[in-house]
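Written below as structure tokens is the structure these notes are about.
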There are 2 protein chains.
Amino acid sequence: MHDLEPIAARLSAGGIQPTPQRVKVAAMLLAEPQHLTADQILARLRAAGERVSKATVYNTLNLLAEKGVVRQLAADGQRAWFDSNVSPHFHFQDVETGALTDIAPPEVQFERLPPPPPGMEYAGIELFIRLRRV
Amino acid sequence: MHDLEPIAARLSAGGIQPTPQRVKVAAMLLAEPQHLTADQILARLRAAGERVSKATVYNTLNLLAEKGVVRQLAADGQRAWFDSNVSPHFHFQDVETGALTDIAPPEVQFERLPPPPPGMEYAGIELFIRLRRV
DNA sequence: ATATGTGCAAATCCTTTGCATAGAA
DNA sequence: TTCTATGCAAAGGATTTGCACATAT
């Protein structure tokens, strides 16, 4: 793992103290556009020889999501998925494997969306298009 | 709890053997348009004096969802939500409380949607508009 | 010094499973 | 009878928590 400085900078920019563990967790997810669970990230860190605890991985991912450095997805009712891409976009999901694929924003255009109820405002839009094999 | 006959009929129509427990579980959810977790349904059944086991509630809800009698939602990464409304519609979700509210289909119109990838077909669309207090 | 972060194991929450019993076809 | 459903408790997976230790400010 290299190029940790820009990752550390992104954490700092998000108001997160860039500790070595946090930078490693963030770097693993932000390495490329992808969707990973906490356990997958932990496994990859371990496989890469890094020593990070499970608690720290969870703490860090929650913190990153809260600060907007990564995006947390509710893709299934069982576990949280973390998306390295925080710009607006949508997802295909294979109903059989659970695999997630990005849909670029121009692929989805809304002709109409409801106004938020009184006293509320939009906090985000999550669109999943479930796919099955033909 | 009354009017169980039409519920039993809906189960039969869905190819589900309408046992007393299944009818009670289904009746509790289908009583009105609502979104409930398995545990909420179990608690309400118990509060109503019904004796149904947790395993049966889970088994039944999974079966109902599989057969299309109810709809299962991945509204958060922690637990499954069950929706009594199986006709196409979308949801608001309060990011703070997790509460779900229906959005009627005409409120959302898509000007454009991506075609499914080769060899795949649409299995459903799930749209959550997250809301926060202003 | 004082705040904050980390690691471990235990605890918690949600869901499924194994298996004996009960009920339906 | 024979197949299917139910209930209980135990097991399982994902996540959080408590607390002592380590690290940063």
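Proteins come first, then strands; the chains are lettered A, B, ... in the order of their sequence lines, and each starts at number 1.
Atom CD in A/Q78 sits roughly 17 Å away from atom P in C/dC13 (whole-Å rounding). Taking atom CG of residue B/L42 and atom C1' of nucleotide C/dT16, one finds them 15 Å apart after rounding to whole Å. In this structure, CD of B/Q40 is placed 15 Å from P of C/dC13, rounded to the nearest angstrom. Between the P atom of C/dT16 and the CG atom of A/D76 lies a distance of 11 Å, rounded to the nearest Å. Rounded to whole Å, atom P of C/dC14 lies 15 Å from atom CD of B/Q72. Counting to the nearest Å, the P atom of C/dT6 and the CD1 atom of A/I16 are 11 Å from each other.
Relative orientation of the A/F110 and B/F110 rings is tilted, given thresholds of 30° and 60° on the angle between their planes.
At a threshold of 4.0 Å, the pair B/E96-B/R133 counts as salt-bridged, since one of the basic side-chain nitrogens sits closer than that to a carboxylate oxygen.
Heavy atoms of other residues, nucleotides or ligands lying less than 6.0 angstrom from CZ of A/R71 number more than 12.
In summary, of the residues considered (A/R22, A/R44, A/K24), a salt bridge (Lys or Arg N to Asp or Glu O under 4.0 Å) with A/E50 occurs for A/K24 alone.
The partner of D/dG18 is C/dC8, by the rule that a Watson-Crick or G-U pair needs both atom distances under 3.5 Å. Nucleotide C/dG18 has D/dC8 as its partner under the Watson-Crick or G-U criteria, with both atom distances under 3.5 Å.
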B/S/- contact track for nucleotides 4-13 of chain D, protein heavy atom under 4.0 Å: SSSBB-----
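Between C/dT15 and B/Y58, a contact under 4.0 Å exists linking OP1 or OP2 to a side-chain N or O.
Checking A/N85 against A/S87 by side-chain atom types alone, a donor-acceptor pair falls below 3.5 Å.
Without hydrogens or angle criteria, A/D83 side chain to A/V86 main chain gives no donor-acceptor distance under 3.5 Å.
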